[in-house]
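Throughout, residue positions are numbered sequentially from 1 according to the sequence presented.
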Amino acid sequence: MAKEPVRVLVTGAAGQIGYALVPMIARGVMLGSDQPIILHMLDIEPATEALNGVKMELVDAAFPLLIDVVATTDAMVACKGVNIAVMVGGFPRKEGMERKDVMSKNVSIYKAQASALEKQAAPDCKVLVVANPANTNALILKEFAPSIPEKNITCLTRLDHNRALGQLSERLKIHVGQVKNVIIWGNHSSTQYPDVNHATVTPTNSEEKPVRSVVADDNWLNTEFITTVQQRGAAIIKARKLSSALSAASAACDHIRDWVLGTPKGTWVSMGVYSDGSYGIQSGIIYSFPVTCDKGQWSIAQGLKIDDFSREKMDVTAKELVEEKTLAYSCLN
């Protein structure tokens, strides 16, 4: 029997990431090749014409899984009955802007969108926040959508996770699918900590081995590898003169697919989730942890040994998130 359609919301749908993301969703990259989709697209009033253009292209692409498209500038209409919400829209930092100015703009946006989700979304709606500052935007959304379970509100650090896998596969000259279990700890910012201490490589026709022993260069892993992943977004902006859109859209699909359909046995992925105090990270912030997913639920991978180098890096990024939270809450007053 054919599956019931899933309603997927993409905010900022006429923007770069949205434009890359919506065809991936419609083609089944996010939820599978047998899952019909009703796509809800939201953007701001000045983007109305562009949003309608994206809808026209979706119609012209004749995606077999795409049952219907809702394109609107009204958040209440966009959020009605949605099962999955991918929050791409946000206010970007512009030259000369103070951090508090950017935070204030995004607090306002996410407060309003949280209210619309609270009133209109399906009770089991899963939310992924992509727009920066992603962790803190997700926290604000959680505050103003109290009926959405806290476990259903996440932010995107899968892009950083995928970047780390990519760097290791290039270094070792192997396929990216042969590397697994890197971890992104903390904030989706330049303080994030890409951790390889529990990652493994499965060389062709060989057994699984620790990444550190295969790379055999601790200095590179503890310095250049970390900064390359942390600063990859800036490097792409320098090269493209535009921010990373294709890779962000792909990572959003990976995040939702694994959350809904499950992670492979023995594999974890990185997700920004509401901290429960695991690994000594204070509760009350959205922090990236290693998680496994099963039957639509994520769980933080427990029992991993944390060395002193990692502890220091994890605490630095947690401190930044606490500061962001304080700044965001000051914008509410």
*To the nearest 0.5 Å, tell me how far L39 CG sits from K55 NZ.*
10.5 Å
_Approximate separation, where rounding is to 0.5 Å, of I140 CD1 and Q113 CD_ =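 If we round to the nearest 0.5 Å, I140:CD1 and Q113:CD are 13.0 Å apart.
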*Does atom NZ of K319 have more than 12 heavy-atom neighbours, drawn from other residues, nucleotides or ligands, at distances under 6.0 Å?*
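At most 12 heavy atoms, drawn from other residues, nucleotides or ligands, come within 6.0 Å of this atom.
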*Are I256 and I25 close enough, and set up right, to give a side-chain contact (heavy atoms from CB on, under 4.5 Å), and what steps lead you there?*
CA-CA 10 Å; I256 296 291; I25 298 170; over 6 Å; no
*With R232, which residues qualify under side chain to side chain contact (heavy atoms under 4.5 Å, CB included), at least two apart?*
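For R232, the residues satisfying side chain to side chain contact (heavy atoms under 4.5 Å, CB included) (neighbours in sequence not counted) are R163, Q167, I236.
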*Apply side chain to side chain contact (heavy atoms under 4.5 Å, CB included) to T48 and list each qualifying residue two or more places apart in sequence or on a separate chain.*
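Side chain to side chain contact (heavy atoms under 4.5 Å, CB included) list for T48, sorted by chain: E45, N52, T73.
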*Step by step, would you call S278 with D276 a side-chain hydrogen bond (donor to acceptor under 3.5 Å, both in side chains)?*
CA-CA 6 Å; S278 291; D276 63 358; 2.6 Å; yes
*Qualifying salt bridge (Lys or Arg N to Asp or Glu O under 4.0 Å) pairs, either residue in residues 180-203, two or more places apart*: K180-E208
_Residue pairs involving residues 242-259 (criterion salt bridge (Lys or Arg N to Asp or Glu O under 4.0 Å); sequence neighbours excluded)_ =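 Every pair satisfying salt bridge (Lys or Arg N to Asp or Glu O under 4.0 Å) with a residue in residues 242-259: R158-D258, D254-R257.
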*For T263 and W298, what are the C-alpha separation, side-chain angles and deciding distance, and is it a side-chain contact (heavy atoms from CB on, under 4.5 Å)?*
CA-CA 9 Å; T263 47; W298 57 263; over 6 Å; no
*Taking side-chain hydrogen bond (donor to acceptor under 3.5 Å, both in side chains) as the test, write out the residues that go with D43, two or more places apart.*
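Expected list: none.
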*Apply side-chain hydrogen bond (donor to acceptor under 3.5 Å, both in side chains) to the pair E324 and N135, showing each step before the final yes or no.*
CA-CA 9 Å; E324 277 190 15; N135 300 58; over 6 Å; no
*Steps toward side-chain hydrogen bond (donor to acceptor under 3.5 Å, both in side chains) verdict (S104, D101)*: CA-CA 5 Å; S104 178; D101 297 332; over 6 Å; no
Is [Y] reachable from [X] through a run of hydrophobic residues whose side-chain heavy atoms are each under 4.5 Å from the next?
X: I183; Y: V269; result: yes
X: M56; Y: L42; result: no
X: I306; Y: V211; result: yes

_Can you list, by chain and residue number, the hydrophobic cluster partners of M24 when the side-chain cut-off is 4.5 Å?_
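Via sub-4.5 Å side-chain contacts, M24 links to V29.
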_salt bridge (Lys or Arg N to Asp or Glu O under 4.0 Å) between R311 and D315, intermediate numbers included_ = CA-CA 6 Å; R311 181 78 265 163; D315 289 346; 3.1 Å; yes
*Is there a donor-acceptor contact under 3.5 Å linking the side chains of Q192 and S288?*
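No - no donor-acceptor pair under 3.5 Å links their side chains.
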